[in-house]
2 protein chains.
Amino acid sequence: MEQRDWYGIRQVAQLTGLSTQLIRKWEERYGAVAPRRMENGYRVYNAKDVMRLKQLQKLISEGFSIRNAVLYLDENKFEAEIVTDRSPDNLQENTSLYTTKQTQISQFMDMLFAFGERGDSSGIQDLLQKVYSQYGLEFLSENLLIPFLHEVGERWEMRVWDEFQEHISSLAVRDFLIRQYSSFLAPQDAPLFLAACIPGERHEIMLHIAMLEAAIRGFKTAFLGISPAPNALEDAVESLRPKIVVLAMTTSAPIDENPMLFSDLEQLASRYRQTHFYIGGRGARMHFKGTGKWLRFSDSLDSLFRDIEHR
Amino acid sequence: MEQRDWYGIRQVAQLTGLSTQLIRKWEERYGAVAPRRMENGYRVYNAKDVMRLKQLQKLISEGFSIRNAVLYLDENKFEAEIVTDRSPDNLQENTSLYTTKQTQISQFMDMLFAFGERGDSSGIQDLLQKVYSQYGLEFLSENLLIPFLHEVGERWEMRVWDEFQEHISSLAVRDFLIRQYSSFLAPQDAPLFLAACIPGERHEIMLHIAMLEAAIRGFKTAFLGISPAPNALEDAVESLRPKIVVLAMTTSAPIDENPMLFSDLEQLASRYRQTHFYIGGRGARMHFKGTGKWLRFSDSLDSLFRDIEHR
DNA sequence: ATTATGATGTCAAATGTATGTATAAACTAA
DNA sequence: TTAGTTTATACATACATTTGACATCATAAT
């Protein structure tokens, strides 16, 4: 999920904006987090711990005391694990101890498709919530979200599913993601992550996944939305001065409509060198051959951040 | 109302606008509420307590004394849910309260526009959250959301705002609404409320407001999304058998593209008589003259539900 | 008209709790 | 050494609770 899967207390402090002492006190007094320890006793945090701290900050900003915020999160965690038995009727849940991770994934997928088939948006969202809080975003995203969205699209194109099934399923995923990333509190001076669909593009969901990842990493996020006019992107960059701009291009349509698209963007990127411009998606992978100097291709935030570090 | 069912006195004060001292005094003197206590003696309120305090405020604003308001609520414990416009003994015209509310609204609006101006999505969402929990959806929707969205559109058309400011502001409102209504858990067998944009229509936000209202009223909600193909709506109705279908049509574009639109929909509606079909929005108000037999015009869920009852 | 009474919101003091920060002493790593 | 981590303790500020006082105002009694 992150560049690294563990953090020292100092890094956690920097990522959350909390002091190291406070992080320890929250652990001691309220059980806010439960980091593992190295042999020497040093605390070792994982990405989930960092997320939890950020969620606590968000709750505090909404009027919770830290004590109650922890209670609240723990309560919801409990609820999230009970939800398991809301499986559709035509599937009986197999809670055998011998289920491997693979079979569990395919069980989740089956449930998702069953929910989507009957247009049960909240069923989808509850399941995603459960998997998310149990296994984290990386697992959820790679093993469930992306394959699910992909096959939902397939089923629609193959006429296996009606359009409404595709729409409701996609929107359920979108709504889930929106709920997640708006539960993080980013510090005022955090760098900005701007996500936008390329003119002519209408698939926004991958961007929401990226935004959730960015929010977890401590960015403020802004979403420019579907198909903004060409100059809207420039206006936004000019005003917001984001650290990163990510553009989605899942189909070939945009390049058909405007063959100059990439060079236009490259030129825009060259004018704002404080901002890193990336383009991603299937459409971009197919057509964006020349790795531009200022506009680059990236399919995952992981590779994106690696790229930034090596610039 | 919310998923969570306990609040500290601080949050209750924030939610109701009462001071913590007053909340305690009301409890001590009149038994206004009876919160449980934590081990340390701190008060723990539940959603009912908060509701009750809000009802008391409403009664006081209508002229009741606090003492009588409590007595009134206790006497009418079972019908007290609807305490709307009951005339009190000594009704005094309190214009001061009204004007302060007016200035408060315009203050909120100013803040919203300030946030929107700098593309601060989470600023918008936090403010909406505050107003929502303090004054409820009706107030928020009528006095802030709809005027705000309206003027955001204006500013964009008048070139006062750039497109990105319009997009980010609208999306912030959308995300806020999505977060709200997905926090409602409707029972499995609740009637379904299906919202969809008419083919050619791309404004989805009003539908999200409607969905939130429906969720509050206990409906399961489903959102079919932007511009579904003509048959997608029929497929969805056929499969999901919603109790209510609401269609949004804010512009005139759809009727220009397909002059038969209304009669097509009327025909669809006539085939599913268990389902109530409504169409709303500025575009519909302008063009939908003949009040159809099965497809009807409605601009608010209030009027919609009144209409259903009188059918 | 003046006074007494009661209702109500606000304030203050005394006491305990919650929470963020600071320091000391021991230990670890580079 | 020097900087960072650990535990433990101390402390200040903010917050919660109880109790009672007080000012204001409307209403009833004088």
Side-chain angles (χ1 to χ4, degrees), chain A residues 6-46 49-50 52-54 56-74 185 187, chain B residues 6-46 49-50 53 56-74 88-94 96-97 100:
Chain A
W6 64 272
Y7 304 84
I9 193 168
R10 187 142 260 269
Q11 292 166 295
V12 176
Q14 211 194 338
L15 287 170
T16 59
L18 301 165
S19 71
T20 57
Q21 318 157 10
L22 194 51
I23 295 171
R24 285 191 210 102
K25 281 299 172 194
W26 279 10
E27 175 188 339
E28 173 195 330
R29 300 211 261 232
Y30 318 109
V33 283
R36 287 199 309 281
R37 301 298 184 109
M38 298 166 43
E39 315 78 44
N40 54 22
Y42 281 25
R43 287 171 173 78
V44 178
Y45 298 86
N46 59 30
D49 294 325
V50 179
R52 212 173 126 88
L53 288 172
K54 283 188 182 164
L56 288 173
Q57 284 180 286
K58 176 87 180 182
L59 290 172
I60 288 174
S61 79
E62 288 172 3
F64 280 82
S65 65
I66 172 61
R67 182 178 225 116
N68 285 344
V70 173
L71 287 174
Y72 177 69
L73 272 197
D74 287 345
L185 180 70
Chain B
W6 49 269
Y7 304 82
I9 193 169
R10 203 125 205 278
Q11 289 173 298
V12 176
Q14 204 181 25
L15 258 42
T16 60
L18 300 166
S19 72
T20 57
Q21 317 167 4
L22 196 51
I23 294 171
R24 281 189 285 258
K25 279 299 175 195
W26 280 8
E27 176 189 339
E28 173 196 329
R29 299 213 261 235
Y30 319 109
V33 283
R36 292 195 312 280
R37 301 296 184 110
M38 310 198 308
E39 316 78 42
N40 53 19
Y42 281 25
R43 289 167 172 80
V44 179
Y45 299 85
N46 59 31
D49 295 325
V50 179
L53 288 172
L56 289 173
Q57 282 181 294
K58 177 143 196 169
L59 289 173
I60 288 174
S61 80
E62 289 170 0
F64 279 85
S65 68
I66 173 61
R67 169 165 250 137
N68 286 337
V70 173
L71 289 175
Y72 179 78
L73 272 199
D74 286 344
D89 351 15
N90 53 342
L91 183 65
Q92 77 222 29
E93 211 57 52
N94 43 7
S96 66
L97 197 84
T100 55

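Reminder, nothing fancy here: chain letters follow the sequence lines and each chain counts from 1.
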Can you tell me if the side-chain N/O atoms of [X] get under 4.0 Å from OP1 or OP2 in [N]?
| X | N | answer |
| --- | --- | --- |
| B:R43 | C:dT17 | no |
| A:N40 | D:dT5 | no |
| B:Y30 | C:dT8 | yes |
| B:W26 | C:dT8 | no |
| B:S65 | C:dA7 | no |

Would you mind classifying the nucleic acid contact of [X] as base, sugar-phosphate or nothing, using non-hydrogen atoms under 4.0 angstrom?
| X | answer |
| --- | --- |
| B:T20 | nothing |
| A:R10 | sugar-phosphate |
| A:E28 | nothing |
| B:R24 | base |
| B:R29 | base |

Worksheet item: How close or far is atom P of D:dT18 from atom CD1 of B:I23, stated in whole angstroms?
Response: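 Taking atom P of D:dT18 as the reference, CD1 of B:I23 is at 14 Å.
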Practice prompt. Measure up the B:F64 and B:Y72 rings against each other and bin them: parallel (under 30°), tilted (30 to 60°), perpendicular (over 60°).
Written response: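 Tilted.
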Any [X] side-chain heavy atom under 4.5 Å of [Y] side chain:
| X | Y | value |
| --- | --- | --- |
| A:E28 | A:K25 | yes |
| B:E62 | B:K58 | yes |
| A:R52 | A:V70 | yes |

Discussion item. Between B:S19 and A:K25, which residue's closest nucleotide on DNA chain C lies nearer the 5′ terminus?
Written reply: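 Per heavy-atom nearest nucleotide, the more 5' residue is B:S19.
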Worksheet item: When you measure from the side chain of B:I66, which nucleotide among C:dG9, D:dC15, C:dT19 comes out closest?
Response: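 Of the options given, the side chain of B:I66 lies nearest C:dG9.
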